[in-house]
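Taking it in order: structure first as structure tokens, then the write-up.
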Amino acid sequence: MAKATFQAPRGTRDMLPEDLVLTRHLERTARAVAVSSGFAEIRTPFFEETRLFTRSLGETSDVVSKEMFTVPSRAAEGKKGSRSSYTFRPEGTAGVARAYVNGGYAAKAPLQKWYYLGPMFRYERPQKGRERQFTQFGIEAFGATSPLLDAEVVDLAVRFFEALGFGSELEVRVSTMGDSSDRDRWREALRDYFCPQLEERCADCQSRFERNVFRLLDCKVPRCVDLSAEAPQLAAVLGEEAADHHEAFLAALRVIGREPVVDSSIVRGLDYYTRTVFEVHYPSLGARSALCGGGRYDGLVEEFGGAPTPGVGFAVGFTATELALKELGLPPQEHVADLEAERCPCVFVAAVSDAERGSVFALASRLRREGVHPVVLDYRGKSLKAQLKEASKSGAAYTVVLGANEVAAGTAVLRDMAAGEEVALPQAELAEHIASQVISSA
RNA sequence: GUGGGCAUAGCUCAGUUGGUUAGAGCACCAGAUUGUGAUUCUGGGGGUCGCGGGUUCGAGUCCCGUUGCCCACCCCA
């Protein structure tokens, strides 16, 4: 093995050209689906003031308490204060909501539908389907409380997966967290209920009690399940408006044929969620069946100093999605054929001997200017035989051969690599000839 | 943060109870009478066996440490 020199940081990876075919397909599918529902792209900084995340996600959330990539701000060095550090964004919603506030949209154009696509960072122990740097596609819709918008967001998420080839097994699981006051009352009720029985519960539940009481509800340890049986329900404290919203949301999903599975164990880990929470699952994937998650966050914009503005959105991580696609043998080859084709040259220009290298270089340049692409050639002094071999290996559709005779006559030999047939043509006619062949074979 | 597994050629891996110059396939490079590739044949380059200690006459093989990777838990995308 080569001497150990440098390697990509833990939990990161190089996205090599061959890997990018799938990733780029996900990106363009995401864009197409988002745009089709009237969402526009927004790009926010990769890092933000640390405060932005501690405020929105919650101090006790796992993300904030142990998974943030934080760096000190040089300007603030030696000074006290909460502006003294920056954090690489662990999720997209906080930054987008901040941009919404800073952009003054609440006053000038409150209804905004945005999508984003880019890297997120979490300082976690890497494992299958989880990395420290990962790509996320997300959408956020601000400015409307209508449950129709919640349903549209869910629909968009499902359409994204459908466009990638996921089938009818796609499942929409939904629940509600109530309004923030409902949520607060429910949290207190749960704490009162669980506190006396903590001793009897598993170690995980004991730590979850502090971080996120809601999590005790979906512990799988049999003993804990029994102890949770009589736990207070959100329904008992759910406000009328939030309850109506939830019912209307369910109805809206049914109207568009997205039959929801109501699952009260869906408790998103971030503090900002209110009312609607949902996940899209693909059950046959087993332990990693959750493909995306999202929900409503009506208090977030206000939390960042903006006028009270509702919002709803979701995010999907590409790491798990790519993994799922590979397991299911997706996407169909024809969906990525064009991206694969980009990696294969159309024409390889070969020199018979060193004397023609200059002519080959010039002809390659000419062909490119005439619209043929990709056009490649050898730079390593390879023999004609080796050039043909390389052309074949690279998947080139054609090889153009230039020898002393062709250079003298201003012609070239055009070899169809698949058919193994050759024709001699004037160099001036090559581009046109190739173009007509490519069109007729397509 | 907790637990488990694995580190031998660019890649995927062999390597027997520790024993002579560490192997295969694929990949790569070059040839097979001199202007032609996908098949075939021949040859070639490339490894201080992750790193550091220890046991031993002798360690890729056993022991300890260390680093990295993978998998699971926690949690999440």
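Because only heavy atoms are used, hydrogens play no part in the values below, and waters and symmetry mates are left out as well, while side chains stay in.
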Among B/rA72, B/rU36, B/rA77, which nucleotide sits nearest the side chain of A/K128? B/rA72
Report which part of the nucleic acid A/E390 touches: base, sugar-phosphate, or nothing (heavy-atom distance under 4.0 Å, all strands). nothing
Spacing of A/M417 atom CE relative to B/rU36 atom C1', expressed in whole Å: 8 Å
Mind checking whether A/Y115 and A/F39 have ring centres under 6.0 Å apart? no
Between A/E131 and A/T319: side-chain donor-acceptor atoms closer than 3.5 Å: yes
With no hydrogens and no angle check, do the side chains of A/E152 and A/S37 hold a donor and an acceptor under 3.5 Å apart? no
Check this for me: does any side-chain nitrogen of one of A/D378 and A/R357 sit under 4.0 Å from a carboxylate oxygen of the other? yes
Taking OP1 and OP2 of B/rC69, is either one under 4.0 Å from a side-chain nitrogen or oxygen of A/R10? yes
Please state the P separation for the pair B/rU56 and B/rC75 - nearest whole angstrom. 50 Å
side-chain N/O A/K393 vs B/rC28 OP1/OP2, d < 4.0 Å: yes
Start at the 5' end of RNA chain B and walk down; is the nucleotide closest to A/Q136 or to A/G11 reached first? A/G11
So A/G420, base contact, sugar-phosphate only, or nothing? Heavy-atom distance under 4.0 Å. base
Whole-Å distance between B/rC11 C1' and A/E18 CD? 12 Å
Could you tell me whether A/R122 sits above the aromatic face of A/F134, with NZ or CZ closer than 6.0 angstrom to the six-membered ring centre and within 45 degrees of the axis? no
Taking 5.5 Å and 30° as the limits, would you call A/F318 and the base of B/rA77 a stacked pair? no
For residues 337-344 of chain A, which side-chain N or O atoms pair as donor and acceptor with protein atoms under 3.5 Å away, sequence neighbours left out?
from	atom 1	to	atom 2	distance (Å)
A/D338	OD1	A/R28	NH2	3.0
A/D338	OD2	A/R28	NH1	2.6
A/E342	OE1	A/R24	NH1	3.2
A/E342	OE1	A/R24	NH2	3.3

Among residues 381-389 of chain A, which ones have heavy-atom contacts with RNA chain B below 4.0 Å? A/K382, A/L384, A/K385, A/L388, A/K389
Are A/R288 and B/rA72 close enough that a side-chain N or O sits under 4.0 Å from OP1 or OP2? yes
Distance check needed: B/rC11 P versus A/D14 CG, whole Å only. 14 Å
Distance, rounded to the nearest Å, where A/L414 contributes CG and B/rU36 contributes P: 18 Å
So what does A/E421 touch, heavy atoms closer than 4.0 Å: a base, only the sugar-phosphate, or nothing? nothing
Classify the nucleic acid contact of A/A418 as base, sugar-phosphate or nothing, counting any heavy atom under 4.0 Å across all strands shown. base
With a non-hydrogen cut-off below 4.0 angstrom, is A/V316 in contact with a base, only sugar-phosphate, or nothing? nothing
Is the distance between the ring centroids of A/F137 and A/F318 under 6.0 Å? no
Side chain A/Q427, main chain A/T411, donor-acceptor under 3.5 Å: yes
So what does A/E422 touch, heavy atoms closer than 4.0 Å: a base, only the sugar-phosphate, or nothing? base
Can you tell me if the side-chain N/O atoms of A/R208 get under 4.0 Å from OP1 or OP2 in B/rC75? yes
On a whole-Å scale, what distance lies between the C1' atoms belonging to B/rU67 and B/rA27? 29 Å
Cation over ring face, A/R132 and A/F121, 6.0 Å, 45°: no
Just compare B/rU36, B/rA72, B/rA77 and give me whichever is closest to any side-chain atom of A/R415. B/rU36
Between B/rU2, B/rA38, B/rA77, which nucleotide gets closest to the side-chain atoms of A/S392? B/rA38
A/E49 and A/R51 ion-paired at < 4.0 Å: yes
Among B/rU36, B/rC75, B/rG3, which nucleotide sits nearest the side chain of A/V413? B/rU36
Does a donor on one side chain sit under 3.5 Å from an acceptor on the other, for A/D179 and A/T274? no
Fill in the dot-bracket string of RNA chain B, one character per base: . for unpaired, | for a pair to another strand, ( ) or [ ] for pairs within the strand, taking Watson-Crick or G-U pairs under 3.5 Å. (((((((..((((.....[...)))).(((((.......))))).....(((((..]....))))))))))))....
